[in-house]
2 protein chains.
Amino acid sequence: MSGIRVLVVEDEPLIAEDIRETLDNIDFEVSGVAYDSDIALQELAENTPDIVLLDVNLGSAMDGIEIADLINKKYQIPFIYLTSYADRSTVDRAKHTRPMGYIVKPFDDRDLFTTLEIALHNFSESQPKIELDLELLNSKVLAKITQKEFEILISIFEGKTNRQMADQHFISLNTIKTHVKNLYDKLDVHTRTQAIAKLREMSSYHA
Amino acid sequence: MSGIRVLVVEDEPLIAEDIRETLDNIDFEVSGVAYDSDIALQELAENTPDIVLLDVNLGSAMDGIEIADLINKKYQIPFIYLTSYADRSTVDRAKHTRPMGYIVKPFDDRDLFTTLEIALHNFSESQPKIELDLELLNSKVLAKITQKEFEILISIFEGKTNRQMADQHFISLNTIKTHVKNLYDKLDVHTRTQAIAKLREMSSYHA
DNA sequence: GACAAAATCACCCTGAAGGGTGAGGAATTA
DNA sequence: TAATTCCTCACCCTTCAGGGTGATTTTGTC
């Protein structure tokens, strides 16, 4: 079993129970089922699910999208919308809440399983971590960055000082300085913070 | 019309044409249709689509997942898998390629539309940009960070020097220094790069 | 072995960052 | 009004980063 805890927020008991069964079958744990927004908030606070299945249209105080807003603000856990219709304006409202998935009813076990798997995986990948890939970097930079320079770039990225790097790599402080200088030339920057900003920039855009 | 250019990679001509029609109806532009991986690669190189609809099972040299790998390596554009089945191992292989969506056949116009919209939106949001949110930050930090300090933190994040910040904010260099010092105390760091690293760290984890 | 590329190190100098202390003025609130 | 918080600024001092130049050694490749 995966042990992934799922909160189901769905005001239609029949569908909710169907989902619960499906989740049982595909090895997810249901941390709770909420029929309205009040229970949903309570469940979120008390049972800390790993992911939320969220019906967009709840016949309660808050609808799914409002709950999503709150999840983003308070909990930062991924959620997947369930909806029986998907008009333009709903999609527009919904997408601004950055759902990790969107399932249009009717859906079957496979839909649920794959969407959950992908959503969880994407979520863990979506954490603001910069993909530090030498090859990718070299395809976007003036001169080729060498292996050692790359290691040093990572250390800079991690907030290390030149002294710390020297100790860590067992080489002279002067050597570190040389590498850093060459790195700056290649990245076309002049300070370490600029180098970091450049890294972000380069991994953000595609040519 | 949205003007979003979609590449369809699907070896079954009937389905491919159906998708093309659907996309026309929902205001997406089809940049090309590829029936095998060779054509797909060519289309990717020549027509620079904004997003790719990718059949997992292609009867050609590379399957959809291999194409996805290549997209990640070379183009970094979002893609959505289309598949008629979704067994455990396929899902496992697929999710490592970080698709922005996953549609299980049969699907209808609504599925396609919402998945495309969400995928595109999530993609633009997923760019490694750190969500700099003062409230969120303050919930994770020793002492409360003030508005001005926050502005300065953003400037540091962007690679600015103290001098540049002083000019930009029309205040004295000494004042910037004071703010920076206070900021370091609150973030429990000692250098700007450490502050940036701390920011990444804090926006990566949820309590 | 010759050559090129990468890694190693040194020295010097300037400027920026980091850290300590103190202090005045504005705005908010008790 | 007194207290508090925040923003503002100054001075001093130490450390670190950044930039220029040049040199040796190691490594891999033709």
Side-chain angles (χ1 to χ4, degrees), chain A residues 132-201, chain B residues 132-201:
Chain A
L132 288 175
D133 181 334
L134 181 51
E135 284 178 58
L136 207 88
L137 201 58
N138 272 331
S139 72
K140 297 175 181 178
V141 93
L142 304 168
K144 212 179 185 186
I145 292 171
T146 68
Q147 182 58 40
K148 199 73 188 181
E149 285 165 352
F150 185 62
E151 288 171 24
I152 286 171
L153 183 56
I154 291 175
S155 290
I156 288 178
F157 191 73
E158 289 170 347
K160 302 271 171 66
T161 64
N162 290 346
R163 180 74 264 161
Q164 287 176 317
M165 290 189 249
D167 293 345
Q168 175 187 325
H169 293 265
F170 302 108
I171 52 184
S172 153
L173 180 59
N174 288 311
T175 306
I176 296 286
K177 284 185 161 196
T178 306
H179 285 312
V180 171
K181 269 179 287 191
N182 293 334
L183 213 35
Y184 288 172
D185 282 346
K186 293 178 183 180
L187 291 174
D188 191 30
V189 296
H190 301 279
T191 70
R192 36 222 303 128
T193 42
Q194 276 175 22
I196 297 171
K198 193 92 176 190
L199 267 191
R200 274 200 307 274
E201 192 189 302
Chain B
L132 288 174
D133 182 332
L134 181 52
E135 283 179 58
L136 207 85
L137 200 57
N138 271 330
S139 71
K140 295 175 181 179
V141 91
L142 304 168
K144 214 179 185 184
I145 291 171
T146 69
Q147 182 59 39
K148 199 75 189 179
E149 285 165 352
F150 184 62
E151 290 171 24
I152 286 169
L153 182 55
I154 291 174
S155 289
I156 289 178
F157 191 73
E158 290 169 347
K160 303 270 172 65
T161 64
N162 289 346
R163 179 74 264 161
Q164 289 175 316
M165 289 189 252
D167 294 344
Q168 176 188 326
H169 292 266
F170 303 106
I171 52 183
S172 152
L173 180 60
N174 286 312
T175 305
I176 296 287
K177 284 184 162 196
T178 305
H179 284 312
V180 171
K181 270 178 288 191
N182 292 333
L183 213 34
Y184 288 172
D185 282 345
K186 293 178 182 180
L187 290 175
D188 192 29
V189 297
H190 301 279
T191 69
R192 34 218 310 127
T193 43
Q194 276 176 23
I196 297 172
K198 194 92 177 190
L199 267 191
R200 274 200 307 274
E201 192 189 303

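Below, chains carry the letters A, B, ... as their sequence lines are ordered, and counting in each starts from 1. What's counted below: heavy atoms across the whole structure, side chains too, no hydrogens, waters or symmetry copies.
Taking atom CD of Q147(B) as the reference point, atom C1' of dC6(D) lies 12 Å away to the nearest angstrom. The separation between I152(A) atom CD1 and dA17(D) atom C1' is 14 Å, rounded to whole Å. Separating the NZ atom of K181(A) from the C1' atom of dT21(D) is a distance of 8 Å, rounded to the nearest angstrom. Atom CD in E151(B) sits about 14 Å away from atom P in dC6(D), given to the nearest Å. Rounded to an integer number of Å, the gap from H179(B) NE2 to dC6(D) P is 11 Å. One atom, CD1 of I176(A), and another, P of dA6(C), lie 17 Å apart when rounded to the nearest Å. Taking atom CG of N182(B) as the reference point, atom P of dG22(C) lies 15 Å away to the nearest angstrom. Distance NZ (K160(A)) to C1' (dA17(D)): 17 Å, rounded to an integer number of Å.
When heavy atoms are screened at a 4.0 angstrom cut-off, K148(B) is found touching the sugar-phosphate backbone but no base atom. In this structure, T191(B) reaches the sugar-phosphate backbone alone: every heavy-atom distance under 4.0 Å involves primed, P, OP1 or OP2 atoms, never a base. Here H190(B) lies in heavy-atom contact (under 4.0 Å) with sugar-phosphate atoms only.
For the residue pair I145(B) and F150(B), the shortest heavy atom distance occurs at CG2-N, 3.9 Å. Between S155(A) and H169(A), the closest heavy-atom pair is OG-NE2, 3.6 Å. Heavy atoms only, all atoms of each residue included: E158(B) and A197(A) are closest at O-CB, 3.9 Å.
At least one donor-acceptor pair under 3.5 Å links the side chain of R192(B) to the backbone N or O of K160(B).
One distance of note links CD of Q168(B) with OG1 of T161(B); it measures 10.0 Å at 0.5 Å rounding.
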Pair L153(A)-L187(A), side chain to side chain contact (heavy atoms under 4.5 Å, CB included): steps then yes or no: CA-CA 10 Å; L153(A) 183 56; L187(A) 291 174; 4.0 Å; yes
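Where T178(B) and T193(B) each meet DNA chain C at their nearest nucleotide, the meeting point lying more 5' is that of T193(B).
Within the structure, a side-chain polar atom (N or O) of N162(B) is placed less than 4.0 Å from OP1 or OP2 of dA17(C). The phosphate of dG19(C) (OP1 or OP2) has no side-chain N or O of Y184(B) nearer than 4.0 angstrom. The side chain of T146(B) contributes an N or O atom lying less than 4.0 Å from OP1 or OP2 of dC7(D). A close approach under 4.0 Å does occur between a side-chain nitrogen or oxygen of R192(A) and OP1 or OP2 of dG18(D).
D185(A) has no carboxylate O lying under 4.0 Å from a charged side-chain N of K181(A), or vice versa, which leaves the two without a salt bridge.
When the nucleotides dG19(D), dC9(D), dT21(C) are ranked by their closest atom to the side chain of K177(A), dG19(D) comes out on top.
Of the residues in residues 166-175 of chain A, none has a non-hydrogen atom less than 4.0 angstrom from any atom of DNA chain D.
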